[in-house]
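Scroll down for the structure; my scribbles are underneath it.
Read the numbers this way: they start at 1 and go in the same order the structure lists the ligands and their atoms.
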Amino acid sequence: MIVVMKEDATQSQIDAVADLLSSKGLGVHLSRGEEKTIIGIIGPRERMLEFPVESMEGVEKVVTVSKPFKLANRAFHPQDTLVQVGNHVVGGGECTLIAGPCSVESRDQIIEIAKFVKQVGGHMLRGGAFKPRSSPYSFQGLGETGLRYLAEAREQTGLPIVSEVMEIAQIPMFLEYVDVLQIGARNMQNFPLLKAVGKTNKPVLLKRGLSATIEEWLMSAEYILAEGNPNVILCERGIRTFETYTRNTLDLNAVPVVQHLSHLPIVVDPSHGVGNWRYVTAMARAGVAAGAHGVIVEIHPSPAEALSDGPQSLTLDRFAGMVAEVRRISQALHPAQEALYAGNA
Ligand code: PEP
Ligand code: MN
């Protein structure tokens, strides 16, 4: 349920509603917009209806939220959520560019890539250190050594680090080294892990599960938000369909649907979405044209030698080309915001 306060509601009227409901054991979340304040209430419906909130002073209306996701729901928080990562704001109008190898393979590899990402104006460096591989015989990642190399790459370039955390026990180690905790597609419904990252204050990049509906994905975001961490970035990375010429099907429908339903920022991952570097740039462009707040892509100086996901990795040159094309689309869509950052690349 949400309580929409009148435009001229006073602070004490807002407090009276919030205090009454929280004193009755209901969860109360305030969202102050430029004009109106919205009070989101979480709890059993019958309990909410026991109180005559609609007739309280300063209340414009009470609306029932039927969707199961509440904190992730745009009705609870009409303004877009902005997630600050280092100096960059995800969702703030400048297209977020995150790039790096699927896996960190060596110190030299990650530092060379980081410098290139920085040079072309990227905002964050990605790189897996603990890899969720389909086969136990495939390269599993460098583990903590990989995280250390990522942190070194950050020291040298200033780029914040995004890396996938696979289990709760790894969280303290990740908090030392990374700036954004990635939850991989395979862990999207690992509820204990979602709760645990929700207890931290690090931004979380929440990938969509391979066969998750948009509602299931938003419910996973809800788990993180409900623990008190508001910094969730959604990532559409392709879903399983009957098509076999691509690894997955990048569901671009999800971009406007999520933006309608939720205030959380959304980026697209065309690399896992298509699984073949030839199609990555086209789908990066399409994702940004659909309104995504950014793109995360896999890149490698020598994709044929990559230890994971080489076939979908762009070479550094091709990545530079992709950045230029994506920027042109973003500039066409958000000329004012992009102009602010024009000198940064
Ligand atoms: C990755 O980012 O390398 C990865 C494993 O992604 P996903 O969880 O989307 O498959
Ligand atoms: Mn990968």
Task: Side chain to side chain, R327 and L97, heavy atoms closer than 4.5 Å - done: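 Yes; the side chains approach each other to less than 4.5 Å.
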
Determine whether a donor-acceptor pair (N or O, by modelled atom type, separation under 3.5 Å) exists between the side chain of [X] and the backbone of [Y].
X    : Y    : value
T157 : A153 : yes
R154 : Y177 : yes
S103 : G128 : no

Give the residue and atom name of whichever protein heavy atom lies nearest to [atom], and the separation in Å to one decimal.
atom                   : answer
atom 9 (O) of ligand 1 : R237 NE, 2.6 Å
atom 8 (O) of ligand 1 : A185 N, 2.7 Å
atom 6 (O) of ligand 1 : K207 NZ, 3.0 Å
atom 4 (C) of ligand 1 : H272 NE2, 3.4 Å

Check this for me - ligand 1, [X], N or O atoms closer than 3.5 angstrom, yes or no?
X    : result
D269 : no
K131 : yes
G184 : no

Open item on the list: For R328, is there an ion pair with E325 - N to carboxylate O distance below 4.0 angstrom?
Closed with: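 Result for this pair is no, no salt bridge flagged.
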
Open item on the list: Assess whether a salt bridge exists between E227 and K195, defined as any Lys/Arg side-chain N lying under 4.0 Å from an Asp/Glu carboxylate O.
Closed with: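 Between K195 and E227 there is no salt bridge, as every charged N stays at least 4.0 Å from the carboxylate O atoms.
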
Open item on the list: Against ligand 1, does R126 come closer than 4.0 Å with any heavy atom?
Closed with: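 Per 4.0 Å heavy-atom rule, R126 contacts ligand 1.
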
TODO: Could you tell me if any non-hydrogen atom of G128 lies under 4.0 Å from any atom of ligand 1?
DONE: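 Outside the 4.0 Å threshold, so no.
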
TODO: Just say parallel, tilted or perpendicular for the rings of H123 and H88, cut-offs at 30° and 60°.
DONE: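 H123 vs H88 ring planes: parallel.
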
I'd like to check which ligand 1 atoms, numbered from 1 as shown, lie under 4.0 Å from a non-hydrogen atom of [X].
X    : value
Q182 : 1 (C), 2 (O)
E298 : 1 (C), 3 (O)
R186 : 7 (P), 8 (O), 10 (O)
C102 : 3 (O)

Open item on the list: Can you give me the closest heavy-atom contact between K6 and V59, atom names plus distance?
Closed with: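 Closest pair (atom of K6, atom of V59, distance): CE-O, 3.7 Å.
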
Task: Distance criterion under 2.8 Å: protein N/O/S atoms around the Mn ion (ligand 2) - done: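 Those protein atoms number 4 in total.
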
Open item on the list: Which residues pass the side-chain hydrogen bond (donor to acceptor under 3.5 Å, both in side chains) test with E54, not counting sequence neighbours?
Closed with: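 Partners of E54 by the side-chain hydrogen bond (donor to acceptor under 3.5 Å, both in side chains) criterion come out as none, since no residue qualifies.
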
- [ ] Measure centre to centre between the rings of Y279 and Y245, then say whether the value is under 6.0 Å.
- [x]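 Distance test on ring centres: not under 6.0 Å, no.
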
TODO: Any chance you could measure M188, atom CE, to L193, atom CG, to the nearest 0.5 Å?
DONE: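 Output value for this atom pair is 12.0 Å.
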
Open item on the list: Distance check, rounded to the nearest 0.5 Å: W217 atom CH2 versus Q189 atom CD?
Closed with: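 Taking CH2 in W217 and CD in Q189, the distance rounds to 13.0 Å.
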
